[in-house]
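Only one structure is covered here, and it is reproduced in the block below.
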There are 2 protein chains.
Amino acid sequence: MLSLLGLQKMKNKKIPEITISRLSLYNRFLQDLQEKGVDFITSAELGKRMGLKASQVRKDLTYFGRFGSPRIGYEVKQLLETLKGILGLHKKWPVALVGCGNLGKAFLSYPGFKAHGFEISVVFDNDPAKIGKVWKGKKIFDPAKMAKIIKEKGIKIAIIAVPFFAAQEVCDKLVRSEVKAILNFAPCKLFVTKEEEVKVRNIDIA
Amino acid sequence: MLSLLGLQKMKNKKIPEITISRLSLYNRFLQDLQEKGVDFITSAELGKRMGLKASQVRKDLTYFGRFGSPRIGYEVKQLLETLKGILGLHKKWPVALVGCGNLGKAFLSYPGFKAHGFEISVVFDNDPAKIGKVWKGKKIFDPAKMAKIIKEKGIKIAIIAVPFFAAQEVCDKLVRSEVKAILNFAPCKLFVTKEEEVKVRNIDIA
DNA sequence: TAGATTGTTAATCGATTAACAATC
DNA sequence: TAGATTGTTAATCGATTAACAATC
């Protein structure tokens, strides 16, 4: 998510995209280690489990600071907290979900979602039969009110889960709603004029 | 998909993973060009549209053969057919879908799926209320019969769309069913002993 | 102290890009 | 022929890995 939302520099060194993408991998592994009650881990051990070289683990981490101790390695708890901080996992990210068909409902039911700090805080669907109804505790709103509601709630991330023929229109609406990131699950590519301001990730579930 | 299923070499030169992943991009763009009635395109033009350097386009393509003509560029139709061949898009890939909850149903409704040459040819769900029922024209089968049915039909690709606590068991069953590729949409990492034979892609919809 | 592991520098590897002879 | 674009080679760039002094 963070790779979608920014964080390209730190200590004015440029952080390689690929390092950023590995960060959530580290996070997942450390989570696992913590659950198993492991207190410390060396770069060699961490690398072995993740299929990376020890030196790469160390290199990746040093982009963000110095977290290890010679002879001891890294304190799992501390490193995990640091990574979560960097990844913005301490934050709650309110998300707007557009489309409440099968795919949209899958998101509402998806447990991994909340675990990543995302919280679907508003749902839109243009089916008059659905508007006003509640699904999984979320009220479904009229897309006509999209810009107003999204701005009010300060939502910066949206998920498009509508049929492909409706996706571009929804996208335009979201751009006008001033979101910063759009995850498009409709099977089509979306075009955005303000690419600098709004990051679109087209996700093909195939 | 093909990148999941193999194709690492050609003319005994090793093809970079990243080139393979760009192949479907080229395919999509050429499709688009063909629909617009464009007959020929140069590497420069293609690169510009896709955000790649002309030399990279040419380099990528030469891994697979020589398709262009000096002064003219590439014939869209011919190149498209060639790419489709390489990507295996002429083939129909029968797919087993395990789990017919919200996410599973999303797959059954997903139009982009068929366009990629995938065809969900069998669906499993362990809910007795669902077994034997038909959804979107697909009969839902008892997972107990998984290995038998999958082998009979010669299915090589499976999608896991079950809750996370059931995913590893399903995965083990699929491995015993001798599939070659598993796409896991459950929010957990799956482990496979025979990694060489079965490729698992863990897809986090978050 | 002796030894293990860190952070960091330098060497290596692989992918991207520029350059250009060959081609039509 | 003159000129544009290919396929391919060589130079460049950036990421991975090895090596090692610094550290505890």
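Labels below follow one simple rule: chain letters A, B, ... track the order of the sequence lines, proteins then strands, and each chain is numbered from 1.
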(Q) What contact category does F67(B) fall into here, base, sugar-phosphate, or nothing, at under 4.0 angstrom with non-hydrogen atoms? (A) sugar-phosphate
Q: Rounded off to whole Å, could you give me the CD-to-C1' distance for the E45(B) and dT5(D) pair?
A: 13 Å
Output side-chain donor-acceptor pairs under 3.5 Å for residues 36-45 of chain A, partner residues at least two apart or in another chain, one line each.
{"unit_1": "K36(A)", "atom_1": "NZ", "unit_2": "D32(A)", "atom_2": "OD2", "d": "3.1"}
{"unit_1": "T42(A)", "atom_1": "OG1", "unit_2": "E45(A)", "atom_2": "N", "d": "3.1"}
{"unit_1": "S43(A)", "atom_1": "OG", "unit_2": "R58(A)", "atom_2": "NH1", "d": "3.0"}
{"unit_1": "E45(A)", "atom_1": "OE2", "unit_2": "R49(A)", "atom_2": "NE", "d": "3.4"}

Q: Could I get the full list of side chain to side chain contact (heavy atoms under 4.5 Å, CB included) partners for K136(B), not counting sequence neighbours?
A: L108(B), S109(B)
Q.
Going by salt bridge (charged side-chain N to carboxylate O under 4.0 Å, His left out), name the residues that satisfy it together with E35(A), two or more places apart in sequence or in a different chain.
A. none
Q.
Check E119(B) with K91(B), please: is the shortest side-chain N to carboxylate O separation under 4.0 Å?
A. no
**Q.** Any T42(B) side-chain nitrogen or oxygen under 4.0 Å from OP1 or OP2 of dT5(D)
**A.** no
Enumerate, atom names and distances included, each donor-acceptor pair closer than 3.5 Å involving a side-chain atom of residues 167-175 of chain A, sequence neighbours excluded.
{"unit_1": "Q168(A)", "atom_1": "OE1", "unit_2": "F191(A)", "atom_2": "N", "d": "3.1"}
{"unit_1": "Q168(A)", "atom_1": "NE2", "unit_2": "D172(A)", "atom_2": "OD1", "d": "2.9"}
{"unit_1": "Q168(A)", "atom_1": "NE2", "unit_2": "F191(A)", "atom_2": "O", "d": "3.0"}

Q | Nucleotide dA4(C), atom P - distance to CZ of F40(A) in whole Å | A | 18 Å
Sort me out a list of protein N/O and nucleotides 21-24 of chain D N/O pairs below 3.5 Å, or just none if empty.
none

Q: Answer yes or no: does a side-chain N or O of Y63(B) lie under 4.0 Å from OP1 or OP2 of dA15(C)?
A: no
Q. Phosphate oxygens OP1/OP2 of dG7(C): is one of them under 4.0 Å from a side-chain N or O of T62(A)?
A. no
Q: Can you run through DNA chain C from 5' to 3' and write each base as (, ), [, ], | or . depending on how it pairs? Watson-Crick or G-U wobble, both distances under 3.5 Å.
A: ..||||||||||||||||||||||
(Q) Tell me the interatomic distance from I18(A), atom CD1, to dG14(C), atom C1', rounded to whole angstroms. (A) 12 Å
Q | K148(B): partners by salt bridge (charged side-chain N to carboxylate O under 4.0 Å, His left out), with sequence neighbours left out | A | E152(B)
**Q.** Sorted by number, the residues of residues 47-61 of chain A with heavy-atom contact under 4.0 Å to DNA chain D
**A.** K53(A), S55(A), Q56(A), R58(A), K59(A)
Q: Provide, to the nearest angstrom, the distance between the CD atom belonging to E75(B) and the P atom belonging to dT5(D).
A: 17 Å
Q) Which residues satisfy the side chain to side chain donor-acceptor pair (under 3.5 Å) test with E81(A), sequence neighbours excluded? A) H90(A)
Q: Could you tell me which non-hydrogen atom of L97(A) sits nearest to which non-hydrogen atom of A161(A), and how far apart they are?
A: CD1-CB, 4.2 Å
Q. Taking only residues two or more places apart in sequence, or in another chain, which ones meet K53(B) in a salt bridge (charged side-chain N to carboxylate O under 4.0 Å, His left out)?
A. none
Q) Looking at residues at least two apart in the chain, or sitting in another chain, which of them share a salt bridge (charged side-chain N to carboxylate O under 4.0 Å, His left out) with K105(B)? A) none
(Q) What contact category does T19(A) fall into here, base, sugar-phosphate, or nothing, at under 4.0 angstrom with non-hydrogen atoms? (A) nothing
Q. Could you give the CD1-to-P distance, from I15(A) to dG14(D), as a whole number of Å?
A. 16 Å
**Q.** Set of side chain to side chain contact (heavy atoms under 4.5 Å, CB included) partners for E178(A), sequence neighbours left out
**A.** K151(A)
